[in-house]
Every structure is written in C-alpha cells, then in structure tokens.
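A short worksheet on the structure shown next.
Source: prediction; values computed, not measured.
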Amino acid sequence: NEYAANRLREKGLALEEADSNIAMMKAEASSSTLQFSEEMNQLRNTKVALEEKVASLESKLGSEYLSAVTKLTELEGKLETAISSNADLADEVASLQNINEDLLNQFCEKESELDGANSV
C-alpha cells in the first residue's frame, strides 16, 4: 500500500510539474501573442503613415505636373509669338533692303546724270 501511495505522490508531483510547465508555456505563448499583436499594430500604423505619405506625394506631384504643363503651354505661346514676330521682322528687313537698293540705284542714276551733265 505504501508503494501505491509513493506512486501516487510521484504521479501527483509529475502532474504538478506538468501543470507548472503548461502554465509557463501558456504565459510564454500569451506574452508572444501580445508582442506579436503589438508588432502587428506598429506595422499597421507604419503602413497607414506610408500610405498617407504616398497620397501626399502623389497629390504634390500632380499639382507640380499641372503647374509645369501650364508653364509649358505659356512658353509655347510666347515662342509662337516670338517666331511670328521674327518672321515679321525678316519681312520688314527684306522690304528695307529692297528700298535701300532702289534708293542706291536712284542715287547711282542721279550721279551718272550729274557726271554726264558736268562732262558736257
């Protein structure tokens, strides 16, 4: 009977040790789960912050792009105006060159007439 009592005590101690191990494993699992939850929350918060940053950058890029397109359109208009003005100036210079040539020819003719009149 004493043998059976010793066996029961040993089994009781083994059960207590197993219960203690199970309790320790549960505590470790609970701690790990809590740590994992905290890390997941941090990751979620980081994700949200990064998504907000991306949205902000996309918005900023969009407005900078629209601003650049507007400026480019203005510059194209100014360039077209400058090209048109240059063409008008080229026409004006050609016209002035023709007038200059006509005047030079008239001057030469008058000079020749004067030379002819002076030689007589």
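Between the side chain of Ser112 and the backbone N or O of Cys108 there is at least one donor-acceptor pair closer than 3.5 Å. One N or O on the side chain of Ser37 and one on the backbone of Thr33 form a donor-acceptor pair closer than 3.5 Å. Counting only distance, with no hydrogens or angles, the side chain of Thr70 and the backbone of Leu66 share a donor-acceptor pair below 3.5 Å.
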Check residues 71-83 and write down every donor-acceptor pair under 3.5 Å in which the side-chain atom is one partner and the other belongs to a residue at least two apart or another chain.
unit_1, atom_1, unit_2, atom_2, d
Thr73, OG1, Val69, O, 2.8
Thr81, OG1, Gly77, O, 2.9

Side-chain donor-acceptor distances from residues 7-22 under 3.5 Å, at least two apart:
unit_1, atom_1, unit_2, atom_2, d
Arg9, NH1, Asn6, OD1, 3.4
Arg9, NH2, Asn6, OD1, 3.1

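Contact check for Arg44 versus Val48: no side-chain heavy atoms found under the 4.5 Å cut-off. At a threshold of 4.5 Å between non-hydrogen side-chain atoms, the residues Leu103 and Gln106 count as touching.
Of the inter-residue distances, the one linking Lys110 atom NZ with Phe107 atom CZ reads 12.0 Å to the nearest 0.5 angstrom. Atom CG of Asn118 and atom CD of Glu111 lie 10.5 Å apart (nearest 0.5 Å). The distance from the CG atom of Asn41 to the CD atom of Glu38 is 8.0 Å, given to the nearest 0.5 Å. One finds the CG atom of Asn100 at 11.0 Å from the OG atom of Ser95 (value rounded to the nearest 0.5 Å). To the nearest 0.5 Å, atoms CD (Glu92) and CG (Leu89) are separated by 7.5 Å. Interatomic distance, OG1 of Thr46 versus NZ of Lys53, reported as 14.5 Å (0.5 Å rounding).
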